[in-house]
Colleague: 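This is the structure I have questions about; it appears just below.
Indexing begins at 1, ligand by ligand and atom by atom, following the structure's order. Bear in mind the structure is a predicted one, so any value in this text is a computation, not a measurement.
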Amino acid sequence: MAHRARLAAVALAVAVAGCGPKLTFDPAEIARHRLLAGAPRGFMFGAATSAHQIEGSTRNDWSEWEKGHYADGTPHVADGASAARAADSWNYWRSDLAALQLLGANAYRLGVEWSRLEPMPGSWDEDAAARYRKMFAGLRAAGITPIVNLYHFTLPPWVAARGGWDWDGAPAALAAFAGRAGAAFGDLVDWWCTINEPNVLVAKGYLAGQWPPGVRVPRRGALALAALMRAHGLMTAELRARDRVDADGDGRATRVGFAHNVRIFDPRTAHPVDGVAAAIADDFYDEAFLDAITLGRVRVVLPKVIEIDEPFPALAGSLDYLGLNYYTRELVIGHLRSPTPYQAAAVPDRPRNDLGWEIYPEGLTRLLLRYARRGWPLFVTEAGVADSRGVWRDDFLRAHVYATDRARAEGAFVIGYLTWSLIDNFEWSHGYHGHFGLYAIDFNDPLLVRRPTSAVAVFRDIAKNLR
Ligand code: FCB
């Protein structure tokens, strides 16, 4: 009931205030501003990738999904592409390291692939672990802080076979893996990211049916989100218990966070129905996971579908920082009597990336200011643009770093900013159509050479402003 009252209050506020705070950046001001010049010492400025999207030779639920088709014969992945080779970073990781060095980056968020390290329940692949150790040691030797992401959308086949996130044992299995990784890499790694974007996984896999397990069952989606909450809480506890080595000598052996995809949901009009729908979308997508951590409760409410609310003490205090992945905004059109409470619409006449996502840097400032109120240090763990023609990337980077500076100037505590992505990679159901890389890759090139885009020089110039 309290929850409904809050939704109603948010909807009312949204209806009264219109589409949120008005904020428009002035390009001339961005051009004049010395980006990151005022950032605190130790601010992390770098790039991000994920294991399945770059490594190649992974075997998990996604590699199975990539072989499949929808009932109408369309392949699950555009052009029937697969990540079988991807950017082959499993072999070319030294090229990725060189690419980071050329950027002047001081941080890199990368994944370890659960299915590679634990191909069978309880097993541990020592050779794979040794290679990851080389990567982390190489990064550290180059003055680049590794931020290690433990779960980024892909499940080992043995977990998928038991039902994936529908399997009761999944949170404990992922937590056990996290503990093992903490023990194996903790002397080289202090910064951990438990889970990447649980809300995106649920939206794509359980609401849109575009990712494994490929269903459209909101109730299962809500249950999966609850399982992901439990997993995060248990993973944090395991990491703190098993990684006791302070690798960088700052007095803290672990810094644990998760990467939360946040999106602006603005109602399309001031009509209360749009306001209510925007509030529902925002609550489920942006707020539920954070409320769970703040309250120490697994709580997922989907009006008319399910209401889960139970204590889960491991969630309380489970964040040392909050990772935010930010890409775009959506306008929301509410529906009173339809199975889906809202429809998303695009803001007209706005720049869009190659995948059709609106480029809206002001949204990053809005969200950073909003999440600053939660009290955790904020870390922009992903922001980037799919841009095969190279028309947006330079300005996108400048404008989003500027958005971060603006939020800091207004009081948000932001500890880092990472561009998605270091290199072009396998963009899930879009296959090789999302060119997010600061370095471009021609996937027909047998050597998969990493070619700097013009944004590399932009990044370098910004990095030079750091103290
Ligand atoms: C994010 C994902 C990342 C990549 C970018 C474009 O939602 O975390 O893997 O696909 O979008």
Colleague: Show me which atoms of ligand 1 lie under 4.0 Å from any heavy atom of Glu197.
Modeller: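 Result: 1 (C), 2 (C), 7 (O), 8 (O).
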
Colleague: Using the test side chain to side chain contact (heavy atoms under 4.5 Å, CB included), find all partners of Pro212 that sit at least two apart in sequence or belong to another chain.
Modeller: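 Side chain to side chain contact (heavy atoms under 4.5 Å, CB included) check on Pro212 returns Asp61, Trp62, Trp65.
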
Colleague: If we ignore hydrogens and angles and just use 3.5 Å, is the side chain of Arg216 paired with the main-chain N or O of Ala208 as donor and acceptor?
Modeller: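 It does hold such a pair.
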
Colleague: What residues, two or more places apart in sequence or in another chain, satisfy salt bridge (charged side-chain N to carboxylate O under 4.0 Å, His left out) together with Arg85?
Modeller: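 Arg85 satisfies salt bridge (charged side-chain N to carboxylate O under 4.0 Å, His left out) with Asp88 once adjacent residues are dropped.
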
Colleague: Verify, without hydrogens or angle tests, whether Asp286 (side chain) and Arg263 (backbone) share a donor-acceptor contact under 3.5 angstrom.
Modeller: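 Side chain of Asp286 to backbone of Arg263: a pair is present.
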
Colleague: If the cut-off is 4.0 Å to any non-hydrogen atom of Phe436, which atoms of ligand 1 fall inside it?
Modeller: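 Ligand 1 atoms under the 4.0 Å threshold to Phe436: 6 (C).
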
Colleague: Which atoms of ligand 1 sit under 4.0 Å from any heavy atom of Asn261?
Modeller: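 With Asn261 as reference, the close atoms of ligand 1 come out as 7 (O).
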
Colleague: Check each atom of ligand 1 against the heavy atoms of Gln53 and keep those under 4.0 Å away; list them by number with element.
Modeller: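 It comes down to these atoms of ligand 1: 3 (C), 4 (C), 9 (O), 10 (O).
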
Colleague: So which protein heavy atom does atom 1 (C) of ligand 1 come closest to, and at what separation?
Modeller: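 Going atom by atom, the protein heavy atom closest to atom 1 (C) of ligand 1 ends up being Glu382 OE1, 3.2 Å.
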
Colleague: Using a 4.0 Å cutoff against the non-hydrogen atoms of Asn196, which atoms of ligand 1 qualify?
Modeller: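 Contacts of ligand 1 toward Asn196, numbered from 1: 8 (O).
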
Colleague: Below 3.5 Å, N or O to N or O, backbone or side chain included: is there any such pair between Glu427 and ligand 1?
Modeller: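 Yes: some nitrogen or oxygen of Glu427 is under 3.5 Å from one in ligand 1.
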
Colleague: What's the shortest distance from atom 5 (C) of ligand 1 to any protein heavy atom, and which residue and atom give it?
Modeller: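 Of every protein heavy atom, Tyr327 OH, 3.3 Å lies nearest to atom 5 (C) of ligand 1.
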
Colleague: Tell me whether the NZ or CZ atom of Arg116 lies within the 45° cone about the ring axis of Trp90 and under 6.0 Å from its centre.
Modeller: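 Yes, Arg116 and Trp90 form such a contact.
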
Colleague: Is Arg329 positioned over the aromatic face of Tyr360, cation under 6.0 angstrom from the ring centre and no more than 45 degrees off axis?
Modeller: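 Judged by the rule, Arg329 and Tyr360 form a cation-pi pair.
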
